Structure formats: C-alpha cells, structure tokens
Amino acid sequence: MGTRNQTARATKPVYIIDGARTPFLKARGRPGPFTPVDLAVQCGRPLLLRQPFSAEAFDQVILGCVNVISEEMNPARVAALRLGMGEQMPAFTVQINCGSGMQSIDTASKYIREGSADLILAGGTEALSHSPLLLRQGAVEWLSDLQQAKSMTAKVQSLGKFQPGMLKPVIGIERGLTDPIVDLNMGQTAEVLAHLFGITRQQADEYALESHQRLAHAQDEGWLNDEVVPAMSSDGKLYPADDGVRKDNTLGSLAKLKPVFEPPHGQVTAGNSSQITDGASWLILASEKAVKEHGLKPIARIVDSHWAALDPKIMGLAPVLAVTELLERHQQTKDDIDLWEINEAFAAQVLSCLAAWEDAAFCRDVLGLDQPFGKIDRERLNVDGGAISLGHPVGTSGNRIVLHLVNAMRRKKLRRGVATECIGGGQAGAMLIEMLEETS
Ligand SMILES: CC(=O)SCCNC(=O)CCNC(=O)[C@H](O)C(C)(C)COP(=O)(O)OP(=O)(O)OC[C@H]1O[C@@H](n2cnc3c(N)ncnc32)[C@H](O)[C@@H]1OP(=O)(O)O
C-alpha cells in the first residue's frame, strides 16, 4: 500500500483507437489449430487492414504471452513480421502471468504518455492447448548421459539405467498453474479464498451459471461482433465464435461436478473455474499527435493503471488492492465507475473480492479505509460473461477485458470503467478507462 497517497499525474492522453480478438477456443486435450503467433496474426491482420494508415506506421508492438513456444521466441516480433509491419518494427513480449495482456497496454500507455511513441499495437496471446508435455528430471538426466556416452560400453551402460516410469510426462500447464513459492495451484488458491470469505458451492455455481447465461445472451444479440474476428486454420476450417459457452447450462448440472482441487469438500469445480482456452487480442493505442496525423477517431482514453501484490496464497484477492489504490489516486469511489470487468479466474475468487470490499474489518485493516468500499452491483460487473464461460487464455485475458469493457461501455453509452485481473504469484493489475464524449 506504499503508493496510495500518490496523486494522479497530468500526462499526455493515451487513446484507444480500435481492437479485435480471435474467438476463444477451448483446449480439448490436444494441440489446437493455432500457435500463439497464429492467433495474434489471425486477429491482427483484419484489425490492421481496416485502419487508415499503413502497418509500418506503428512505432512499436508489445505482446503479452505466458507460454511462449520454442518455435516462436519473442512472439511479438514474429507476429509483427508475419503481419507485414516491416523489418524495422521493434517488438517485444511481456510476461507477468495472467496480467500479460494488460501489461502490454500499460507499457504502451507509458511510452505514449512520456512522448517516446505515438502509435502502438498492444496485445496478448496464448495457446494453452500447445503447452508442452515435459520430461521428468530423471528422464532428462538419463537422456543427457546417453547423449554424452562416447564408447559403445558407456552407451550400453546408460541404456541399462532406463526405467519405464521415466516416460510419464509432466503436464506443462499443470506445472505452470502451480505457484512455485507456496506450492499451491491456482484452483487451491481459490479454495483458500472461498474458505476465508465463506463462499459456498451454491454461490460459486450460481455465479458460473450467470456467466454462461450472460455470454450466451451477448452472443445471441450479436454484441461480440464488434470485437471478435473469425479465424481460419491452414486446412480451411473456420472458427467463427467463442466455443466454451454452455447455452443449456443448469444449476443441477453444475451441482453434479466434483470439486477438482480440494476433493471431496472443496467449492471449486470444472464448472465454476475459468476454462483452459486459446485466443489472442489486440488494441491500437495512439497519442494526440497520431490521432491528428492519421485522422483517427479515438473511442476511449486510458486514464491510468495500477499494480498491486500480496501473499501468493491469496492471489485472487489482489484486484481488491489494485482497484482501491487506483481509484483512491483519482479521488474516485466505486460509485463513479459505470462498468466493471473483473477477470473470472474462479467464481469463488471473484465473489471473494466482492465480499472483501463489503467487509468493514477487511477494508479497515487491509485497505486502510474508514468505510467499507461497498457493494459492486452485479448488473455492472462482467455484464457479458467472462473467463468461466468464455475461457481464460492467460496471456490474453487482461487485454480482452479492456477491449470488452470499451465495447460494452460504447453499447450501453456509459462513461467510466475499470478492468482488473488477479495474477498468479499474488499480483493484480487494474486499469481505469474513460469513454470519449462522442462515444459514450
Ligand atoms: C491468475 C489467474 O487467472 S488463475 C487462473 C488460471 N487458470 C486456471 O487455473 C485454469 C482453471 N481451470 C482448470 O484448471 C481446468 O478447467 C479444470 C482442471 C478445472 C477442469 O479441467 P477439465 O477437466 O479439462 O475440464 P472440462 O471442461 O473437461 O470439464 C470436466 C467435466 O466437467 C464438465 N463441465 C465443465 N463445465 C461444466 C458446466 N458449466 N456445467 C456442467 N458440466 C460442466 C465437463 O463436461 C466435463 O465432464 P465430463 O468429464 O463428463 O466430460
């Protein structure tokens, strides 16, 4: 809480010009049709094609990605080249776990604010279905010894040390979703929060059901058409829409699922967790100068952002700190915010954040507030569903929630919104967005 008394700084405005994302495609136990760069290119190309300036006009590309694959090191640069942005386009990749897609926006904003760039493509991409299967340490050592054995005798000796158990792979994603400091996987951290804030299975399932219902409604109404561009794989198969939503979901079917992370009594199930998904998202950010130079029509302004951290065991609670500190810096309260996106890592995690803000003792002792922060109206929160129904490509979601917040505020003619996400390792990012008069 060291930065809470900072006052908002007057800086050059940062505008959101446009954005697009791929459909979010559920990982179904085998590599999906797109790598991280494929995804970034799929939605980047139509986005760039509809701009009134050339792809080479950008100053920088910044892309969040958690699980970079070895064929695509620095996916930002690979994507920029495949997008035809020119050999001279600087591009770098950022990784802060589930905050990566928002970190790219924040870093881009800072470049624009300080005047060192005017036009930046900032995104996030993730192909969780391509997470590697890893060899166990014993197998790695055995293979290394075998490779280094020079004589036939040494090779035979090495071969003799093989044990079939060595072939059992380590699932990369399971390791990646486990905190290395506290040795809890992300689902277990949600269980810790459910316990701390008394979130019941019924509450978590009701939240999850609503997420599916809201996303289904948004799809049926065509509200996502402004942000989703269909993707096509190299074999010509079309992926037109997000595919994780269950339009026929019921509380009954959710209630039947067994707790995954703390069986048999835990609250967190496959139904009330975010899904493991592939997807990418981009935003175009511009300075005042770029807006004038290219005759652009900005949609919104990035006011500010804030990052906070706490004990990794309760990582899902970090949005409470990040948002409270961000709003305090701008002398705003929750009532000044028209629309909220809180990334749905887990239903129990989002509900714990809401509970913490209503808890007088928590607000006093942890947030240092005289009064509870207060209740966030569910009608203003994740109005079109979230990661539980849509999926959570971890490096992308922070970008998607900002893109969606802007689109939802435009549709609803609202003015001010906050997007926030928890981050494995015990962090959170929060971003304050203001629509421009003409678009709100
Ligand atoms: C900082 C952060 O953001 S932390 C968050 C980072 N992300 C995560 O930690 C990911 C969390 N999620 C997960 O790990 C996974 O989704 C898990 C482990 C919970 C579940 O994985 P899987 O078992 O592969 O999920 P899957 O989608 O196959 O569902 C399992 C079963 O539940 C059923 N199911 C899932 N959702 C629902 C639902 N909403 N309603 C009814 N049934 C459902 C499925 O049909 C499936 O049933 P089956 O076994 O009969 O086929």
Side-chain angles (χ1 to χ4, degrees), residues 24-30 64 66-67 95-103 124 126 128-129 131 171-179 184-193 201 204-213 215-216 243-263 266-279 309-310 312-319 322 341-350 352-353 385-398 400-401 420-429:
F24 276 17
L25 305 174
K26 192 171 166 70
R28 298 185 190 272
R30 57 191 347 268
V66 178
N67 295 280
Q95 207 280 31
I96 170 178
N97 292 343
C98 305
S100 305
M102 184 179 280
Q103 180 69 67
E126 199 72 48
L128 287 176
S129 71
S131 291
I171 314 284
I173 186 147
E174 283 176 13
R175 182 179 279 180
L177 291 174
T178 301
D179 186 284
L184 293 180
N185 69 35
M186 295 298 114
Q188 287 171 313
T189 69
E191 290 285 9
V192 172
L193 290 184
R201 169 72 185 270
D205 284 353
E206 281 170 3
Y207 182 94
L209 179 65
E210 194 164 47
S211 178
H212 282 275
Q213 288 170 337
L215 176 57
D243 67 3
V245 65
R246 289 170 185 255
K247 295 198 171 178
D248 55 355
N249 215 194
T250 61
L251 265 186
S253 62
L254 280 159
K256 285 193 191 121
L257 300 174
K258 293 203 164 50
V260 183
F261 301 102
E262 296 290 346
Q267 318 301 330
V268 182
T269 68
N272 61 39
S273 300
S274 58
Q275 299 174 46
I276 293 184
T277 299
D278 298 352
L310 43 55
K313 281 201 288 299
I314 50 169
M315 69 90 206
L317 208 54
E341 283 286 327
I342 303 180
N343 191 42
E344 296 173 348
F346 300 93
Q349 168 265 323
V350 176
S352 294
C353 289
I388 290 171
S389 47
L390 189 58
H392 179 14
V394 288
T396 307
S397 296
R400 181 201 69 84
I401 57 175
T420 182
E421 79 277 297
C422 59
I423 300 173
Q427 305 195 77

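Index from 1, following the sequence. In this text, all values refer to a predicted model and were calculated from it rather than measured experimentally. Every number for a ligand or one of its atoms is a count from 1 in the order of the listing.
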Polar contacts were defined as any N/O atom of the residue lying under 3.5 Å from an N/O atom of the ligand; does this apply to [X] and ligand 1?
| X | value |
| --- | --- |
| Lys26 | yes |
| Ser273 | no |
| Arg246 | yes |
| His392 | yes |

To the nearest 0.5 Å, tell me how far Leu25 CG sits from Leu128 CG. 11.5 Å

Value rounded to 0.5 Å, distance of SG in Cys98 from CE in Met315: 7.0 Å

Please state which option from Gly426, Ser274, Ser211, Gly187 has its nearest heavy atom closest to atom 16 (O) of ligand 1. Ser274

So which of Asn343, Val394, Leu177, Leu254 gets nearest to atom 8 (C) of ligand 1, if we judge by its closest heavy atom? Leu177

Is any side-chain heavy atom of Leu254 closer than 4.5 Å to one of Asn249? yes

Can you confirm whether the side chains of Ser397 and Glu421 place a donor and an acceptor under 3.5 Å from each other? no

Report yes or no: do Asn67 and Glu126 form a side-chain donor-acceptor pair below 3.5 Å? yes

Applying the side-chain contact (heavy atoms from CB on, under 4.5 Å) criterion to Phe24, which one of Val245, Thr396, Asp278 satisfies it? Thr396

I'd like to check which ligand 1 atoms, numbered from 1 as shown, lie under 4.0 Å from a non-hydrogen atom of [X].
| X | value |
| --- | --- |
| Asn249 | 38 (C), 39 (N), 40 (N), 41 (C) |
| Ile423 | 1 (C) |
| Met315 | 1 (C), 4 (S) |
| His212 | 39 (N) |

Is the contact between [X] and ligand 1 made by the side chain, the backbone, both, or neither, using heavy atoms and a 4.0 Å cut-off?
| X | value |
| --- | --- |
| Asn97 | neither |
| Lys256 | neither |
| Ala270 | both |

